[in-house]
Visitor: 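Attaching a single structure in structure tokens format; questions to follow.
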2 protein chains.
Amino acid sequence: MRPPETVPSADTKERILDAAEVLLAENGYEATSLRAVTQAAGVNLAAVNYHFGSKKDLLDAVIRRVAEPVSRSRLERLEALEASSDAPSVEAVLRAFLEPVFQHLQDSAARGPTVFLLLSRVISDPDPRIQNMLAAAFGDVGQRFIEHLAVLLPHLDEEELWWRFKSCIGVAIFHQSRSLPALSILGSAPDERNLEMTIAFVTAGMSAPSTS
Amino acid sequence: MRPPETVPSADTKERILDAAEVLLAENGYEATSLRAVTQAAGVNLAAVNYHFGSKKDLLDAVIRRVAEPVSRSRLERLEALEASSDAPSVEAVLRAFLEPVFQHLQDSAARGPTVFLLLSRVISDPDPRIQNMLAAAFGDVGQRFIEHLAVLLPHLDEEELWWRFKSCIGVAIFHQSRSLPALSILGSAPDERNLEMTIAFVTAGMSAPSTS
DNA sequence: GTATGATTCAAACGTTCGTATGAAACACTC
DNA sequence: GAGTGTTTCATACGAACGTTTGAATCATAC
């Protein structure tokens, strides 16, 4: 029988999630062994399969835990824009999309710089199982943002609108990755400047004249 | 003794490279086994270690073979711009950077859409060995382009210039990946339109007002 | 305190991996 | 055609992997 007032072994589950988040981000999915995760979490090897079912299900849980607060914050900001009387600017919409990422980065800074490094690793994985996880975790919110951008940028055909929105995501993801460290030699910029530079770039890109 | 007019077993080496390029792009480095590569290439398992030394060295060879024609074409176009009498536009420089990628895509279309999918997989790998491969394969050329952009965009401090150039790479890479297929539902656009949409986006982003 | 279900644990299973080995097959020179 | 260096081949090795198992431990209810 499960007493409803206590979640059984929430501690073990969370320690596994914490360790898995860091190690999956550092090494990627395939190169992260459950032995390394359970050792870092200080739990038994079998605990992963007991609590999550499989390695893939653990990845799914990690992604969901990261995505949920970001998606919620994005929606809140978008609804705040909708509540305003006049139409928002492109920059305001993109800011509502990007700021929650940086905010989550700062909130979890103690856990290390690995929160969205994980997404930069898994997002390029063509495995349909993983792409479905991402679509389930972020897809609905992305759709909402595209609908708003379509109103603000009516001169773009659907194809170019989606292409540009995907470009915005690519920029944000790429900067959270550890790609091309040679291009990040100066990379000690505070998160706030990184956010402003990103918004300036993608706002200009979004607002460029149509190619059609 | 090696007769200089024939490269010994160039056929086996190239068949391994062809198969490895596709499989590494599809599945990533860790999830690609040498058994799958050698079976797809129709050669013996031991041929990889004989011809390349190790799995990492095979990846290195694959990256180099992809990077070399692109880097050479990029440099040629940049030097053509330098030879011109008047200063090139930002768009012209970015076009010199991006067009060789799309050209290589079309040239190797018969091998499948996997040429740069590979790069989108390995570029997010924090493994220093892999990042060093990429830096060796692309770094010098990137440095040359940054120097040109610095002249054309003197109002950007060094940090923002590098950030924006990295953003351009992020956009190009992300679109070559298979990330977020839901955002590519219309993705039957011809390569040429994809190139023009990319150039429009990154030219506007590069030319945005400075945030400092 | 005893019974019951949830959780943890050490140990093992079968599989797959990258790599190494030594003999066979080949290409070439003299 | 004997000799030499190169390439291929079947096979094996040790290690690491995800997962399973069954007993031990814990927490709770009666």
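The sequence lines fix the lettering, A, B, ..., with proteins before strands; numbering per chain opens at 1.
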Visitor: Quick one: on DNA chain D, does A:G53 or A:A31 contact a more 5' nucleotide (nearest heavy atom)?
Guide: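 Comparing both residues, the 5'-ward one is A:A31.
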Visitor: Quick one: does B:T38's side chain have a donor or acceptor within less than 3.5 Å of a partner on B:L34's backbone?
Guide: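 Yes: the side chain of B:T38 pairs with the backbone of B:L34.
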Visitor: Is B:S33 close enough to C:dT16 that one of its side-chain N or O atoms is under 4.0 Å from OP1 or OP2 there?
Guide: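 So the side chain of B:S33 is outside the cut-off, no N or O lying under 4.0 Å from OP1 or OP2 of C:dT16.
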Visitor: Rounded to the nearest angstrom, tell me the gap between atom CD in A:Q39 and atom P in C:dA10.
Guide: 12 Å
Visitor: B:K55 side chain: which of C:dG18, C:dA6, D:dT6 is closest?
Guide: C:dG18
Visitor: Taking the basic N atoms (NZ, or NE/NH1/NH2) and the acidic carboxylate oxygens, is any pair closer than 4.0 Å for A:R121 and A:D125?
Guide: no
Visitor: Using a cut-off of 4.0 Å on non-hydrogen atoms, how would the nucleic acid contact of A:T38 be classed: base, sugar-phosphate, or nothing?
Guide: nothing
Visitor: Can we say A:E68 and A:R72 salt-bridge, meaning some charged N sits less than 4.0 Å from an Asp/Glu carboxylate O?
Guide: yes
Visitor: Give the nucleotide from the list D:dG18, C:dT19, C:dA6 with an atom nearest to the side chain of A:L34.
Guide: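 Per side-chain heavy atoms of A:L34, the pick is D:dG18.
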Visitor: Measure NZ/A:K13 against C1'/C:dT8 and give the value in whole Å, please.
Guide: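 Value for this atom pair: 15 Å.
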Visitor: Evaluate B:L58 against B:N49 for side chain to side chain contact (heavy atoms under 4.5 Å, CB included), listing each step before the verdict.
Guide: CA-CA 9 Å; B:L58 172 60; B:N49 286 282; over 6 Å; no
Visitor: Rounding to an integer number of Å, can you tell me how far B:Y50 OH sits from C:dA25 P?
Guide: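 From B:Y50 OH to C:dA25 P: 17 Å.
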Visitor: Any salt bridge linking A:D18 with A:R65? Criterion: basic side-chain nitrogen under 4.0 Å from a carboxylate oxygen.
Guide: yes
Visitor: Decide if atom CD of A:Q39 counts as having more than 12 heavy atoms of other residues, nucleotides or ligands within a radius under 6.0 Å.
Guide: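 Result for CD/A:Q39: open.
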Visitor: When you compare the protein's N or O atoms with those of nucleotides 10-14 of chain D, which come within less than 3.5 Å of each other, and at what distance?
Guide:
none

Visitor: To the nearest angstrom, how far is A:N49 atom CG from C:dA10 atom P?
Guide: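 A:N49 atom CG is separated from C:dA10 atom P by 16 Å.
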Visitor: I want to check a possible cation-pi pair here: A:K166 against B:F201, using under 6.0 Å from ring centre and within 45° of the ring axis as the test.
Guide: no
Visitor: Give me the distances for all protein-to-nucleotides 25-27 of chain D N/O pairs that come in under 3.5 Å?
Guide:
none

Visitor: For B:H51 and D:dT6, is the shortest distance between a side-chain N/O and OP1 or OP2 below 4.0 Å?
Guide: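 False: B:H51 side-chain N/O out of range (4.0 Å or more) of D:dT6 OP1/OP2.
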Visitor: Using whole Å, report how far CG of A:L58 lies from C1' of D:dT19.
Guide: 14 Å
Visitor: Could B:K56 and B:D60 be called an ion pair, given the rule that one side-chain N must be under 4.0 Å from one carboxylate O?
Guide: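 No, B:K56 and B:D60 are not salt-bridged.
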Visitor: Whole angstrom is fine here: how far is it from CG in A:L23 over to P in D:dG18?
Guide: 12 Å
Visitor: Does C:dT8 have OP1 or OP2 under 4.0 Å away from a side-chain N or O of A:T12?
Guide: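 Indeed, a polar side-chain atom of A:T12 lies that close.
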Visitor: Could you check B:T203, B:L153, B:L152 and say which one makes a side chain to side chain contact (heavy atoms under 4.5 Å, CB included) with B:V93?
Guide: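 The passing option is B:L152.
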Visitor: What is the distance from CD of A:E30 to P of D:dA16, rounded to the nearest Å?
Guide: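 In whole Å, D:dA16 P and A:E30 CD are 18 Å from each other.
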